[in-house]
J.: 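I have a structure I would like to understand better, so I am pasting it below and will then ask my questions one at a time.
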Protein chains: 2
Amino acid sequence: MKILSRACNYGIRALIYMVANNGGQENTSIGEISEELDISFHFLTKTFQELNRANLLKSSRGPNGGVALTRPAADISMMEIILVIEGDDFFDTCLLGLPDCGNGAPCPIHEVWKDKKDKMRLEFETTSLADLGVRVSEDKMRITI
Amino acid sequence: MKILSRACNYGIRALIYMVANNGGQENTSIGEISEELDISFHFLTKTFQELNRANLLKSSRGPNGGVALTRPAADISMMEIILVIEGDDFFDTCLLGLPDCGNGAPCPIHEVWKDKKDKMRLEFETTSLADLGVRVSEDKMRITI
DNA sequence: ACAGGATAAGATATAATAGTCTTATATCTT
DNA sequence: AAGATATAAGACTATTATATCTTATCCTGT
């Protein structure tokens with residue numbers, strides 16, 4: 001059950017790495033992140049550009065450059081990251097793949113699925129990057145392969 | 001949030017159609033199903049072959065041929081269909097895409113995600129084809145585009 | 001101003017998924 | 001036995017997702 005795209009996996013892990021490492025407010029180079037997390041540098045760069053355009057990240061070039069969060073990690077939810085990378089319609093999906101499921105003509109699993117999605121959404125909304133970062137830096141949870 | 005593959009969407013919808021139409025025990029031709037549900041005939045055929053090999057369906061050729069369930073629709077859960085089409089490891093996934101997440105070295109969202117997966121699994125296990133079929137034939141829920 | 005370190009961006013390659021086409025094979029009806 | 005009807009199976013194509021490569025651009029320190 002793959003829910004998130006590779007790009008999203010990478011983006012979330014990368015941001016957690018930044019937070020666990022230096023709080024996320026200081027520059028971290030993409031090269032370092034890609035190396036530590038074993039992620040393709042160029043692929044990660046592109047994902048970061050999206051987060052950049054969405055103003056979740058700010059980037060700076062040159063020596064001591066890198067990327068950093070624009071806001072405190074506690075203020076950034078998983079949800080925000082997911083919506084930026086996967087698109088705003090991420091939760092508007094029918095489990096059976098029907099295009100306009102819900103509007104008056106739901107599929108037979110619509111209500112149940114809607115409920116599940118709402119609960120996932122809530123979870124993603126209430127989980128911040130800071131929450132995740134702490135689990136990596138304090139507990140022994142990991143974001144590396 | 002695409003959870004199931006196209007093949008799985010099609011397979012589930014097709015089986016629901018059969019159940020809603022004639023209970024699923026009588027032969028229904030793949031051509032009819034593919035036409036009614038607007039699904040590629042050949043693609044659906046391949047999916048049916050998998051369900052066939054898994055003994056969820058039996059097929060017969062020639063006039064009045066088609067496919068039919070091998071067991072009562074009430075005894076077949078969504079879960080079975082999903083596992084056949086997506087593979088038995090369908091629920092063994094890490095939200096962040098880490099290969100061996102869980103075994104002693106969980107990702108920071110592992111527990112939460114495990115809980116969500118278990119609840120989905122339970123839902124899929126306790127929802128039968130008969131349940132879904134009834135909603136289509138009695139209520140006005142749909143499986144067509 | 002220059003050199004080196006860093007991201008930006010577009011082009012290209014590869015792999016996985018989805019979809020189509022063709023031929024083979026089985027079964028029923030007459 | 002012949003013809004019509006249906007699934008089986010493999011080859012082929014298209015599309016999307018993922019990954020890589022190359023060049024451009026910017027920034028900092030000296």
Side-chain angles (χ1 to χ4, degrees), chain A residues 1-14 18 26-70 85-87 90 93 96-97 99 145, chain B residues 1-15 18 26-70 85-87 89-90 93 96-97 99 145:
Chain A
M1 177 164 35
K2 192 174 140 189
I3 292 240
L4 303 172
S5 67
R6 234 30 174 294
C8 197
N9 286 160
Y10 292 168
I12 294 176
R13 284 172 56 210
M18 290 163 57
E26 297 171 34
N27 272 348
T28 309
S29 88
I30 302 181
E32 174 189 338
I33 301 173
S34 76
E35 205 162 318
E36 290 295 325
L37 301 187
D38 212 6
I39 295 173
S40 151
F41 170 79
H42 291 99
F43 196 57
L44 183 57
T45 295
K46 281 199 282 190
T47 300
F48 271 152
Q49 282 166 31
E50 285 189 82
L51 295 170
N52 231 311
R53 281 190 282 271
N55 268 310
L56 240 60
L57 283 183
K58 58 193 166 198
S59 67
S60 38
R61 310 193 201 193
N64 306 316
V67 290
L69 298 176
T70 53
I85 299 178
E86 304 288 5
F90 184 65
T93 57
L96 300 185
I145 293 181
Chain B
M1 174 163 36
K2 191 177 141 187
I3 291 238
L4 303 173
S5 67
R6 235 28 176 294
C8 196
N9 287 158
Y10 292 168
I12 294 176
R13 285 172 55 210
L15 295 188
M18 289 164 57
E26 296 171 34
N27 272 346
T28 310
S29 88
I30 302 180
E32 174 189 338
I33 301 173
S34 75
E35 203 163 318
E36 289 296 324
L37 301 187
D38 212 5
I39 295 173
S40 152
F41 170 81
H42 291 99
F43 196 56
L44 182 58
T45 294
K46 280 198 286 190
T47 300
F48 271 151
Q49 282 167 31
E50 286 189 82
L51 296 170
N52 232 309
R53 280 189 283 270
N55 268 309
L56 240 59
L57 283 183
K58 58 192 165 198
S59 69
S60 39
R61 311 193 199 193
N64 307 315
V67 290
L69 299 177
T70 52
I85 299 178
E86 305 288 5
D89 58 350
F90 183 66
T93 58
L96 301 185
I145 292 182

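FYI, side chains are in, hydrogens and waters are out, and symmetry mates aren't considered; it's all heavy atoms of this structure.
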J.: In terms of side-chain heavy atoms, does A/N55 have a donor or acceptor partner in A/T70 at a distance below 3.5 Å?
T.: no

J.: Just N and O in the side chain of B/R53: are any of them under 4.0 Å from OP1 or OP2 of D/dT7?
T.: no

J.: Checking side chain to side chain contact (heavy atoms under 4.5 Å, CB included) for the pair B/L69/B/L57: CA distance, chi angles, key distance, verdict?
T.: CA-CA 5 Å; B/L69 299 177; B/L57 283 183; 3.8 Å; yes

J.: So if I take every side-chain heavy atom of A/Y10 and compare against D/dT7, C/dA18, D/dA19, which nucleotide ends up nearest?
T.: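 Comparing D/dT7, C/dA18, D/dA19 against the side chain of A/Y10, the answer is D/dA19.
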
J.: Below the 4.0 Å mark, does C/dA16 have OP1 or OP2 next to a side-chain nitrogen or oxygen of A/K2?
T.: no

J.: Tell me the interatomic distance from A/L57, atom CG, to C/dA6, atom P, rounded to whole angstroms.
T.: 17 Å

J.: Among D/dA8, C/dG19, C/dG5, find the nucleotide with the atom closest to the side chain of B/N52.
T.: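 Ranking D/dA8, C/dG19, C/dG5 by closest atom to the B/N52 side chain puts D/dA8 first.
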
J.: Can you tell which of C/dA26, D/dA19, D/dC26 lies closest to the side chain of B/R61?
T.: C/dA26

J.: Any base atoms under 4.0 Å from A/K58, or only sugar-phosphate, or nothing? Heavy atoms, all strands.
T.: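 No contact.
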
J.: Distance check: side-chain N/O of B/S60 vs OP1/OP2 of D/dT7, anything under 4.0 Å?
T.: no

J.: Tell whether B/R6 reaches the base of C/dT17 with its side chain through a donor-acceptor pair below 3.5 angstrom.
T.: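 No.
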
J.: Between A/V67 and B/H42, who's closer to the 5' end of DNA chain C by nearest nucleotide?
T.: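 Of the two residues, A/V67 wins.
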
J.: My understanding is that a pair needs two contacts under 3.5 Å, Watson-Crick or G-U wobble. By that rule, which nucleotide pairs with D/dA1?
T.: C/dT30

J.: Counting only side-chain heavy atoms from C-beta out, which of D/dA8, D/dA4, C/dT20 sits nearest to B/P63?
T.: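 The nucleotide sitting nearest to the side chain is D/dA4.
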
J.: Below 3.5 Å, does any donor atom in the side chain of B/K46 face an acceptor in the base of D/dG10, or the other way round?
T.: no

J.: Over how many whole Å does the gap from A/E50 atom CD to D/dA17 atom P extend?
T.: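 Value for this atom pair: 12 Å.
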
J.: Does A/Q49 place a side-chain N or O at less than 4.0 Å from the phosphate oxygens OP1/OP2 of C/dA9?
T.: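 Yes, because at least one side-chain N or O of A/Q49 sits under 4.0 Å from OP1 or OP2 of C/dA9.
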
J.: When we call it a touch if two heavy atoms are under 4.0 Å apart, what does B/F48 touch: a base, just sugar-phosphate, or nothing?
T.: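 Result for B/F48 = nothing.
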
J.: Rounded to the nearest Å, what distance is computed from the CG atom of residue A/N9 to the C1' atom of nucleotide D/dA19?
T.: 15 Å

J.: In whole angstrom, what separates A/E32's CD from C/dA6's P?
T.: 10 Å

J.: Using heavy atoms to find the nearest nucleotide of DNA chain D for A/A7 and B/S29 separately, return the residue whose nucleotide is more 5′.
T.: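 With A/A7 and B/S29 compared, the 5'-side residue is B/S29.
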
J.: Start with the C-alpha gap between A/K58 and A/N27, add the side-chain angles, then the distance that decides, and say whether side chain to side chain contact (heavy atoms under 4.5 Å, CB included) holds.
T.: CA-CA 9 Å; A/K58 58 193 166 198; A/N27 272 348; 5.7 Å; no

